[in-house]
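Here the structure comes first, spelled out in C-alpha cells, and everything after it is commentary.
Values below: all heavy atoms of this structure, side chains included; hydrogens, waters and symmetry mates excluded. For this chain, numbers begin at 1 and follow the sequence in order.
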Amino acid sequence: MSAHTLTEGLAALRGHPRPARVDVLDGLAAALITDDLDQPLPWNTDGPLRPGAHPAVVETVVACTGDRTGRLHPDTPLPPLVHHVTAEEIRLGLDGDRTLDLDLTNPRGLERSRFLHQLRVLGIPGHTRLTGPDHGADPRDRETWEPCPRTGRDAALTEAGAYGARPDEAATALLARRLRDTGTAADAGTTAALLFDAVLCGAGTLSRDLLDGLAHRIRTTADPGPLGRALAVVLGLWRHDRVFGTARDPLLGTVLDHAVDRIFHLVEGLHGGPPGVDLPRLRALTAARDALLHAAPALTLTTPETAAATAARIARDRHAPADLRGAALGLCRALGALAEPAGEAEAFAVAADPAVLGDWLAGLLALAREEILRPAPKGEQSLLATLDGVVTTMTDDVFLHALPALRQAFAFFPPRERERVAQLLLDRRNLHGSARTLLRTTADPLLLARAAALEEHTGLLLDRHALGAPR
C-alpha cells in the first residue's frame, strides 16, 4: 500500500498521466529502504548495477528486469540523435549487412570511417572494426568493418542522445566527459588513447582539449612507462599522419617537446631498483630516440646534443639500473654522438659483470639494434666487435651463467637480423658456413651449453682421480 501510494504521488508530482517505470522503482525504494544508501539508485545513473548495492535495490532491479528485448511504441518520442543516425547511415550507405572496406585517403571513405568511430565511441552496436590504423605511425590507410548483432541498439541510441543531437557532437561530449572523469589519476598513456579516439572521430576541438590535458599529465607524471606510450602516439600523429590532418601540428610539437624533456629528467635520476629489464622504460627511451631523430625541429627543451650528453652520463653511472645504462649507451650510438673512448670503455667495463650483462645488453639492443648491424667508420671498432670481445673473454662458467639473459637480450632482433648477426660473427673469424645453420640447433641452446659444461666437469673429476681415458 505504501509503495502504491508513493508511486501515484511521484507520478502526479512529475506530471505523468500514468506511473512510469521510474515512478514505480522510486516508490518501491522509498517504501522498502529505510537505511542510508552508499550509492545512487541504479536507474538514476549510467551503467549496470554496482557492487555493494542495497539488497532491496538488487531484488527490485531483478523483479523489474525481463529476459526479452522489447520494442518502443511507434508514437514514442525519440531523441534527435536516433533520427540523425538513421539518416546518416542511409546517406553514407552503411545501413546494409555487408562487410565494409574503407579507403581513408578518399574523402567519402574518411567520412564513413569517422561516422563509424563515433558510433563505436558511443557504444552503438552495428559494426565492429577488424583492421585499421591503431596509432599515428601505423602505415595502414584502409579499414575493414563487419556487421554485428544490433541487439540493444535502440536503447543505446536513446541513452547516447543525452550527449548531443548529432553523432559527432555526442562523441565529442562523451570523450570530454571521459577526460574529466579520469581526473588527475589518469596517466599520460590513458589520455593519449583518448586523443587518438578523438582524432579517429574527427573531433578537432576536443583534440585540443585533450592535448592540454595531456600536456598537464606529462608535467606531473613520475613514471617513464606511460610517458613513452603517450609520446609514441603523439609522435606518430605529428610525423606520419596524412589522413587525419594532424601532421606537423604545432600543438602536437609542444607536447612532444615536454614529453621528451620529462623522460630524460626522470631517467637520469633513477638509481637502484629491482634487477631485470623494465620494458616500459625502454619503450619510453625508444620513443624519445625516435622523437630526437625525426622531430628535432619541434624540440627546444631537449635537443639531440643535450640528450646525448645526458645519455653519456647515465651510461657511466654505476648506480643506474643495468638496462638503463645499456639503453643510454645505445642512444648515444643511435644519435651518432660517439662517447669519448675512455667513457665508452668505462661503460663496457661496468657491464662486464655476468650478473647484469644480459640486462645491460637488452637495453643496448632496444635502442641501438640497427647500429649493431652497421659497419664501423674506418679506424673505429664496430659495436658488434666490441660486444664480441666482451663475450669471448668470458670463461665457460661465466658464459653459462650469463647465457639466459643474453638470449633474452638478443630476442630484440627479428629472425632475419639474427641471421645477419651470425654472418657478421662468421666473417670476423674468417669462417665460411651458413649463418642460418648456426641458428637452427638440434635442441635448446641453453640445454646444449649445460650439457657441454657437465661433460667438462665430469672430465675434470675423472682426471683428478686418475680414472680418465689415456689422452
Side-chain angles (χ1 to χ4, degrees), residues 222-225 227-228 260-289 292 302-369 371-372 376 380-395 397-412:
D223 185 359
L227 264 182
V260 172
D261 184 66
R262 183 64 176 169
I263 285 175
F264 279 98
H265 175 77
L266 291 174
V267 298
E268 189 173 12
L270 287 174
H271 288 148
V277 178
D278 189 331
L279 290 178
R281 183 168 62 204
L282 294 183
R283 293 190 190 104
L285 280 173
T286 302
R289 176 205 64 191
L292 290 164
T302 300
T303 63
E305 293 75 19
T306 58
T310 302
R313 290 195 298 272
I314 297 173
R316 298 191 301 269
D317 186 355
R318 293 177 178 269
H319 301 290
D323 63 329
L324 184 57
R325 283 188 274 115
L329 181 61
L331 180 61
C332 287
R333 290 276 189 157
L335 294 177
L338 293 177
E340 297 179 0
E344 189 161 294
E346 181 183 354
F348 275 99
V350 173
D353 181 0
V356 300
L357 177 60
D359 296 344
W360 180 86
L361 191 57
L364 177 68
L365 298 183
L367 271 291
R369 200 184 78 210
E371 283 66 27
I372 291 283
E380 297 181 8
Q381 189 176 36
S382 70
L383 190 54
L384 180 62
T386 305
L387 291 175
D388 189 24
V390 172
V391 174
T392 53
T393 56
M394 294 179 177
T395 65
D397 290 340
V398 171
F399 176 74
L400 185 62
H401 179 69
L403 183 56
L406 290 173
R407 294 188 66 204
Q408 179 189 20
F410 275 93
F412 281 96

Roughly how far, to the nearest 0.5 Å, is CZ of Arg325 from CD1 of Ile314?
11.5 Å

Scanning both residues in full, the closest heavy-atom pair of Leu367 with Arg289 reads O-NH1, 2.9 Å

For Arg313 and Thr310, does a side-chain donor sit closer than 3.5 Å to a side-chain acceptor?
yes

Side chain to side chain contact (heavy atoms under 4.5 Å, CB included) evaluation trace for Thr302 with His265:
CA-CA 10 Å; Thr302 300; His265 175 77; over 6 Å; no

After noting the C-alpha distance and the side-chain angles of Phe264 and Leu292, does the key distance pass the side chain to side chain contact (heavy atoms under 4.5 Å, CB included) rule?
CA-CA 12 Å; Phe264 279 98; Leu292 290 164; 3.9 Å; yes

Quick check: do Pro280 and Leu282 have side-chain heavy atoms less than 4.5 Å from each other?
no

Closest non-hydrogen contact found for Gly228 with Ala287 is O-CB, 3.9 Å

Trp360 CH2 to Leu329 CG distance, which is reported to the nearest 0.5 Å:
5.5 Å

Specify the closest pair of heavy atoms between Leu266 and Ala222, including all atoms of both residues, with the distance to one decimal.
CD1-C, 3.9 Å

Of all heavy-atom pairs between Ala315 and Ala328, which one has the smallest distance, and what is that distance?
N-CB, 3.7 Å

N/O donor-acceptor pair under 3.5 Å between Arg283 side chain and Gly225 backbone
no

Applying side chain to side chain donor-acceptor pair (under 3.5 Å), name anything that partners Asp323, two or more places apart in sequence or on another chain.
Arg281

Exercise: identify the closest heavy-atom pair between Phe412 and Ala362
CE1-O, 3.6 Å

Is the shortest side-chain heavy-atom distance between His271 and Asp317 below 4.5 Å?
yes

In Å, rounded to the nearest 0.5 Å, how long is the span from CG of Leu364 to CG of Asp359?
12.5 Å

Locate the shortest heavy-atom distance separating Cys332 from Ala308; write the atom from each residue and the value.
SG-O, 3.6 Å

Separation between CG (Asp223) and CZ (Arg262), nearest 0.5 Å, reads 10.5 Å

